[in-house]
Number of protein chains: 2
Amino acid sequence: MTKIKNMEEFAALSGISRPTVSKYFHDPDSVRPTTRARIEEALERFDYRPNIYAVNQNRKLTKNIGIVVPYLADPFFAEIARYLEQSCIAAGYRPFLFSSHGEQKLENDILDGLQSMKPAGVLLAPLGRISDRAAIEKFCADVPTVLFDSNLDGLGAAFVGSDNFSFVSQTVEYMTRTGEPPSFFEMRTPANPNANRRRKAYVAVMERLGFEPHIIKVDGKGWAFEEIGHRGAMKVLEERGLKTDSVLCSNDRLAIGFLAACFELGIRVGRTDECTLRVASNDDHPFAKFTCPSLTTAAHDYDNVAGRSVETLFELIENEGKLNSRTETLFPARLVLRDSA
Amino acid sequence: MTKIKNMEEFAALSGISRPTVSKYFHDPDSVRPTTRARIEEALERFDYRPNIYAVNQNRKLTKNIGIVVPYLADPFFAEIARYLEQSCIAAGYRPFLFSSHGEQKLENDILDGLQSMKPAGVLLAPLGRISDRAAIEKFCADVPTVLFDSNLDGLGAAFVGSDNFSFVSQTVEYMTRTGEPPSFFEMRTPANPNANRRRKAYVAVMERLGFEPHIIKVDGKGWAFEEIGHRGAMKVLEERGLKTDSVLCSNDRLAIGFLAACFELGIRVGRTDECTLRVASNDDHPFAKFTCPSLTTAAHDYDNVAGRSVETLFELIENEGKLNSRTETLFPARLVLRDSA
DNA sequence: TCTATGTCTTAACGCGCGTAAAGTTTTTAT
DNA sequence: ATAAAAACTTTACGCGCGTTAAGACATAGA
């Protein structure tokens, strides 16, 4: 097995001219079946692969796709990233995954580095409130970008995410239908714009149903939501600051902390008789099934959000970075009934 | 602000010759302070960055570092990846993160793609039992690689991980000291070699202490450990297959499932009087603090494992891919006492 | 001031591949 | 069978930068 240095050499060994071989690697269907067969035959014998740097230097558009999520230690994003990666690979692209780890500077650095990779496109789930709008806007002007999960008004060629109103209305209506209307438990200054939309949806739904909204805001910064939810819940529960016997958490990770606090304080959570509190939430986090009790929550339509995100990006790429208009696609939630409410 | 096309142009604008500018980007300290100042001054005015593809084509060694983990949806790996990424950036490298998502084919594909990136080095946490040994061996022959988290005998230039014996001996000794010696709860065919070492350590420690080991093996494949632990625990607990009032789970994710099952069955877990079962585990998963009850576990020395991994890789890179001999570094665990045992 | 050393400039080649033009061969259609 | 179309080969240039060699220049030490 000889080591092949470059395409010239491989072309010679396969008995095909280099430009034709080059054409083959760009699109195997663009050459005659007989020559394709000859190339692929040689390919098996010699195991040659074009130098990606030389290739990418000479193509104005690479086959790279950047995937950026705000916080990869959150399994929600890890899962969605997995789906996105696989979709990209299936479509013949090379996905590169980055996490902003909750930091603006890192998000900016990632976009910076991404730009010099000349990616065909980028799937970006921005940090949200703490994102550097100007930096992202500048990036989007140069690179075809689809925003997902959390929207930044007007940025990117399109946005694909979940319909926060659908989440909250389903959970609130369910809890109201089966018991007392819930209070809303959230962070005081949420990092994510979805959180704000959920609060607004909560207020709207409560008012529509003729109930007075109760919002419990807990302190805490960053992405350690479980910790924040736990600490906040301990405080609220110990101070008896809870006006209702049912609570809707803004998201599952806060709820995980909330439930842990309830457990520690001996508060029975659930919908059975011996329980004094019902807790529901939003997201259907991968771990929501294993909380104690298991968490009733509104599930993201993972598949559709991820699927539509990549579809939109591919469309964008084929249209050379321009879409007719910026679309915002929102998928509704699916209520998942478990034991906590 | 003019758009700069290439180094030639930037060199002209900065009043320095291109070769010198090239030298500067390779190592800013390799040029005279005055010229360095002139370049950096121009750099601020014109915002130019070398084309990474052209750069990487002409350097035999890039500044890229591959980070490969077996399953990114596990926050443990997400956390360690974060640390590794940051260390690489701090050292002036460009980390690229990949997850094998529990699949051998994907692991192989990732290594394949990585190889054509000509990375300076790779930090690889292999899938373990289902890894393609031959493929990894071939890869390691060409690319400076440090294995971490799970060891494959003889592969890679070095291994850095945790000392499974230390984990298990601490948890077993603690449980034995404070109550009944534990049974060991694990998957029948664990994906990870660490699991086998933990079982062996359990048996060894139990025998040393003069107790008979009890091993509970539950069925299940893949990386959905919580699910597997939950289902397995339900079965064991319902069938009253538990011989002891204390259980040591092979890892935290199994324990999360185990605790959920206990909760559902009304079994009180903990070390207080009204509890009938104690559960401990290994890893100190990011969520272990929020289980119900919170999980007593042996913590990885994250910082040291990650830190030593990158240190070793950098050393390896500086030695041009060769180390004197393959070292295996194991860091001991730290027992974290919480409420479950 | 002069020399030795270090740093810079100029000129030029190479990396591996994309791509275009012109000519040749093969395939398809009539 | 023949003409038209399609695919191929040859030749050659360009991409942006690494790198080298020769010579010009600047800096430091005496």
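Labels below follow one simple rule: chain letters A, B, ... track the order of the sequence lines, proteins then strands, and each chain is numbered from 1. Keep in mind the model is a prediction, meaning the values are calculated, not measured. All heavy atoms count here, side chains included; hydrogens, waters and symmetry mates do not.
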Task: Earlier contact from the 5' end, DNA chain C, for A/Gln57 and A/Lys60 - done: A/Gln57
Open item on the list: With a 3.5 Å distance limit and no angle check, can you tell me whether B/Arg45 reaches the backbone of B/Ser14 through a side-chain donor-acceptor pair?
Closed with: no
Task: Main-chain N/O of A/Leu155 paired with A/Arg326 side-chain donor or acceptor, under 3.5 Å - done: yes
Open item on the list: Contact list please: residues 19-39 of chain A against DNA chain C, heavy atoms, distance less than 4.0 Å, in numerical order.
Closed with: A/Pro19, A/Ser22, A/Arg32
Task: Side-chain donor/acceptor of B/Ser99 to backbone N/O of B/Leu72, under 3.5 Å - done: yes
- [ ] Rounded to the nearest angstrom, tell me the gap between atom CD1 in B/Ile4 and atom C1' in D/dC17.
- [x] 16 Å
TODO: Measure the distance from CG on A/Leu61 to C1' on C/dT19 and round it to the nearest whole Å.
DONE: 16 Å
Task: N/O donor-acceptor pair under 3.5 Å between A/Asn194 side chain and A/Asp149 backbone - done: yes
Open item on the list: Tell me whether the side-chain N/O atoms of B/Tyr48 come closer than 4.0 Å to OP1 or OP2 in D/dC17.
Closed with: yes
Task: base_contact_polar (C/dG16 base, A/Arg18 side chain, donor-acceptor, <3.5 Å) - done: no
- [ ] Calculate the interatomic distance between A/Arg59 atom CZ and C/dT19 atom P; express it in whole Å.
- [x] 7 Å
TODO: Measure from CD on A/Glu8 to C1' on D/dA12 and round the result to the nearest Å.
DONE: 12 Å
Task: Polar side-chain atom of A/Tyr93 near backbone of A/Thr62 as donor-acceptor pair, under 3.5 Å - done: no
Task: For atom CG of B/Asn51 and atom C1' of C/dC17, their distance in whole Å - done: 13 Å
- [ ] Would you mind reading off the distance between B/Met7 atom CE and C/dA11 atom C1', rounded to a whole angstrom?
- [x] 17 Å
Open item on the list: From CG of B/Asn6 over to C1' of C/dC15, roughly how many Å is that when rounded to an integer?
Closed with: 17 Å
- [ ] Measure from NZ on B/Lys63 to C1' on D/dC17 and round the result to the nearest Å.
- [x] 17 Å
Task: Qualifying residue, where the test is side chain to side chain contact (heavy atoms under 4.5 Å, CB included) with A/His101 and the options are A/Val69, A/Leu106, A/Leu127 - done: A/Leu106
- [ ] Give a yes or no answer on whether the side chain of A/Asn58 reaches the backbone of A/Ala54 with a donor-acceptor pair at less than 3.5 Å.
- [x] yes
